[in-house]
Trainee: 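Below you'll find the structure I mean.
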Amino acid sequence: MATPTRFADNVTRFMFERAAIRGALVSLDDTCREILGQHPYPPALRRVLAELLAASALLASALSFKGTLIVQLQAAGPVSLLVVECTADLGLRATAQWRDTAEALPDGAPLQVLAGDPATSRLAIMLDPKDGGPIYQGIVALEAASIATLIEHYLTTSEQVDSRLVLAADATRVRGVLLQRMPSAGPADDLAWRQVASRLDMGDAELLGATGVATLLAARFPDHDLRVVAPRAARFHCACSAERVSNALRMLGRAEVESILAEQGMVGVTCEFCSHRYSFVAADALALFAPRGGGADAPPDAARASRQ
Ligand SMILES: [Zn+2]
């Protein structure tokens with residue numbers, strides 16, 4: 001085993017020395033608290049959002065992708081929208097929209113209860129290269145009781161990589177472990193995979209109660225030599241900016257902005273992800289529509305800035 005790694009806000013990858021299996025362990029404490037603290041989320045929603053944060057960090061780490069991973073759950077139940085974004089360097093942000101019915105749901109309510117009718121719910125996993133290139137998108141039906149099962153299903157079917165994922169969250173933090181078969185694995189590795197994957201069956205208390213990465217891995221995989229890679233820090237990071245909000249207002253259109261000005265005398269936009277407020281006095285708001293050189297293409301997430 002390599003250097004003992006404490007649980008902090010990070011993702012730690014590990015490889016099995018004598019089996020074609022790799023894994024990653026995520027722990028989000030401050031990051032989870034900061035992101036969940038942006039809105040008064042109902043308890044059942046807090047848990048699902050925390051789990052989706054952890055799953056997204058593991059996905060971003062497993063996919064070794066340079067741009068931004070966007071995981072978006074759309075539903076017509078008590079929860080209508082969950083969005084988690086994770087950059088290649090593990091900067092995370094998230095937001096959600098919900099209906100009053102979500103307030104009464106117990107903590108731990110199954111995903112299908114939160115999402116409602118599966119016919120009108122879906123999870124989209126998008127990879128935005130952030131270089132103007134095409135956005136890759138995979139869609140999964142919400143036919144799973146938990147975020148862990150859902151993401152596991154996505155990886156196994158859409159990405160065609162046998163995967164096992166466990167997640168555990170409480171009111172302020174979340175942890176998760178992802179195991180995947182390496183692309184080089186063949187039929188001879190089937191037994192090892194089944195044995196190792198079955199070792200991931202553990203309760204929330206064990207995952208949340210573990211004191212460190214090395215201790216947890218040693219307890220779970222005592223018969224295996226593991227190579228543990230140095231952890232990568234994860235953190236709350238919002239990519240919003242005055243420029244992006246300006247682009248969002250341009251997309252909203254001059255007529256709409258003028259009507260807000262007539263009503264409120266200024267235009268205020270609050271970022272849904274980090275609650276930062278951008279204010280435009282009338283002259284600045286109208287100047288956005290003055291003729292200018294170059295394109296006014298807005299990045300995809302600017303469109304989510306909402307009128308307040
Ligand atoms: Zn923001």
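Remember, it's 1-based here, ligands and their atoms both numbered in the order they're listed.
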Trainee: Are any of the side-chain heavy atoms of Glu272 and Val83 separated by less than 4.5 Å?
Mentor: no
Trainee: Has the side chain of Thr149 got a donor or acceptor atom that lies under 3.5 Å from a matching backbone atom of Ala144?
Mentor: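 It does not hold such a pair.
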Trainee: Working to the nearest 0.5 Å, report the span between CG of Leu59 and CG of Leu178.
Mentor: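 Answer rounded to 0.5 Å: 7.5 Å.
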Trainee: Dump the intermediate steps for side chain to side chain donor-acceptor pair (under 3.5 Å) on Gln180 and Ser163, then the final yes or no.
Mentor: CA-CA 4 Å; Gln180 294 193 292; Ser163 304; 3.1 Å; yes
Trainee: Would you check, one step at a time, whether the test side chain to side chain donor-acceptor pair (under 3.5 Å) holds for Arg235 with Thr31?
Mentor: CA-CA 5 Å; Arg235 73 210 187 283; Thr31 307; over 6 Å; no
Trainee: In the shown structure, where waters are left out, how many protein N, O or S atoms lie under 2.8 Å from the Zn ion (ligand 1)?
Mentor: 4
Trainee: Mind checking the CG-CZ spacing from Leu111 to Arg47? Nearest 0.5 Å is all I need.
Mentor: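 It is 12.5 Å, given to the nearest 0.5 Å.
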